[in-house]
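As structure tokens, the structure follows; a few thoughts come after it.
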There are 2 protein chains.
Amino acid sequence: MEQKKKTEITKNKILEAAEAEFSALGLAAARVDSIAKSAGVNKQMIYAHFESKEGLYTAVLSRVYGRLSVYQETIAAYTFQGAETVRRIISDYFDFLMENPSFVRLMLWENLNDARYAAGIDTELFVGAERLLREGVERGMLRPTLDVEQTVISMNMFCFSAFSNLHTLSKISGIDLKTPDALRVRREHITELFLKYVFE
Amino acid sequence: MEQKKKTEITKNKILEAAEAEFSALGLAAARVDSIAKSAGVNKQMIYAHFESKEGLYTAVLSRVYGRLSVYQETIAAYTFQGAETVRRIISDYFDFLMENPSFVRLMLWENLNDARYAAGIDTELFVGAERLLREGVERGMLRPTLDVEQTVISMNMFCFSAFSNLHTLSKISGIDLKTPDALRVRREHITELFLKYVFE
DNA sequence: TATAAAAGTAACTGTTTGGTTGCTTTTCGG
DNA sequence: CCGAAAAGCAACCAAACAGTTACTTTTATA
């Protein structure tokens, strides 16, 4: 095999293992040796390709953040069609979070560390949804008093929170919120909540 | 000074310092030496009183969880009075979270560690709010189709999320959500959302 | 096919950290 | 006021860790 391709494979194996380790344990508790071992790669390769533990961490972060672009493109393609569009914004983001658990966890680690490393990464998570809601208001399909800015923030927060504090909340509520079924119920509930809020 | 009192003072100094350290850095990154230093106490005292780093951590956790009881008692004293009660449930919890930032952070650390240490701690965070909403439904003041269980979970999640992912959300939305003013706006917005949802 | 650059490896290092040990000082019941 | 028990302390230790070094193997190209 040619060298360039091999390099890419090694880098990828490292990134994959690092994503698992960092999202599971966070930057502080993650172990470089452990990443090297589970990647099946010599530790030195990590330093050769990523400079340092933190360099590897930011590389993982960019990679995972990058996956948002699929969601963003989906939203960007919509035009406002009433309730159905509100449903879509929520359920698409829900799907994204369900399929990307390491995104959720890395975001949480980052926030606890004052977003030290995520600060440099750009996302336009909000613009799509915001554009759609504004369109809805302008076309008179949503109530004119709607605070679009706050609503979009809420949509984000509420979808995210359905994934982020499941352990303690399950414990406190006595309901296992981690099952796919429970998440479906959550999604429906959140959607209903917003539909009642944005119309009329 | 008598010995017993002195012991209590030392223990308290340790717990105070530990709460700051653990909520700031999490269990993994927290340093026992650093706690001892900022408590103004010899490291060995920590091991004498709390056995291990993890023993100290669970002690901090219990202490901080314990502060919830004030909120619980407040809620327990209410009877359902319509919109005003819904406002109260939300704003009291909001106030609690605003006044107890280390509760928020420790909860987040715990969730990222699969609630390993919080699992043993009991709280009845939900029963008060749930009782009130059921009362509202039974007395015909809230719509009969209301899913009380999901609503209470949402109230909790949404209030909590107003404090939990502020760094990245501020960054993404371009609004500083960490200021007291922004939090007031959030509280109002969330309250409106629920009011629209639970009535009619 | 000769050779230089890059990929890959194992063994090592300096430092940090949770936890311990052996000792001195303070407290308090009788 | 005496003696035991608890409080308090500084120095120490073994393990774990991020990062390095010195060396061998593979690949690309001229």
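- When only modelled atom types and interatomic distance are considered, A:R105 and B:N111 share no side-chain donor-acceptor pair under 3.5 Å.
- Look at CG on A:D33: it is 16 Å from P on D:dA15, rounded to the nearest Å.
- Between B:E8 atom CD and D:dA6 atom C1' the separation is 14 Å, expressed in whole Å.
- Neither OP1 nor OP2 of D:dA6 sits under 4.0 Å from any side-chain N or O of B:T7.
- Of all nucleotides listed (D:dG8, C:dA7, C:dG18), C:dA7 comes nearest to the side chain of A:M45.
- Distance, B:N42 CG to D:dC12 P: 15 Å, rounded to whole Å.
- Heavy atoms from other residues, nucleotides or ligands lying under 6.0 Å from NZ of A:K37 number 12 at most.
- The phosphate of C:dG8 has OP1 or OP2 within less than 4.0 Å of a side-chain N or O from A:T10.
- Atom NZ of B:K43 is separated from atom C1' of C:dG18 by 6 Å (rounded to the nearest Å).
- Between B:E54 atom CD and C:dT17 atom P there is a gap of 17 Å when expressed in whole angstrom units.
- Side chains of B:E21 and B:S38: a donor-acceptor N/O pair is absent below 3.5 angstrom, by distance only.
- At a threshold of 4.0 angstrom between heavy atoms, the contacts of A:A36 with the nucleic acid are absent.
- You'll find that the side chain of A:Q44 is closest to C:dT9, out of C:dT9, D:dG8, C:dG18.
- In this structure, B:R31 reaches the C:dG18 phosphate: one of its side-chain N or O atoms is under 4.0 Å from OP1 or OP2.
- A:H49 has its NE2 atom 17 Å from the P atom of D:dG19, to the nearest Å.
- A:I9 has its CD1 atom 12 Å from the P atom of D:dT27, to the nearest Å.
- Ion pair B:E54/B:R116 not flagged as a salt bridge, since none of the NZ, NE, NH1 or NH2 atoms sits closer than 4.0 Å to an Asp/Glu carboxylate oxygen.
- Residue B:K53 places no side-chain atom within donor-acceptor reach of the base of C:dG19, judged by atom type and a 3.5 Å distance cut-off alone.
- Distance CD1 (B:I46) to P (D:dA7): 15 Å, rounded to an integer number of Å.
- As judged by a 4.0 angstrom heavy-atom cut-off over every strand, A:A28 is placed among residues making no nucleic acid contact.
- Counted within 6.0 Å of CD on A:E192, heavy atoms from surrounding residues, nucleotides or ligands total more than 12; the atom is thus considered enclosed.
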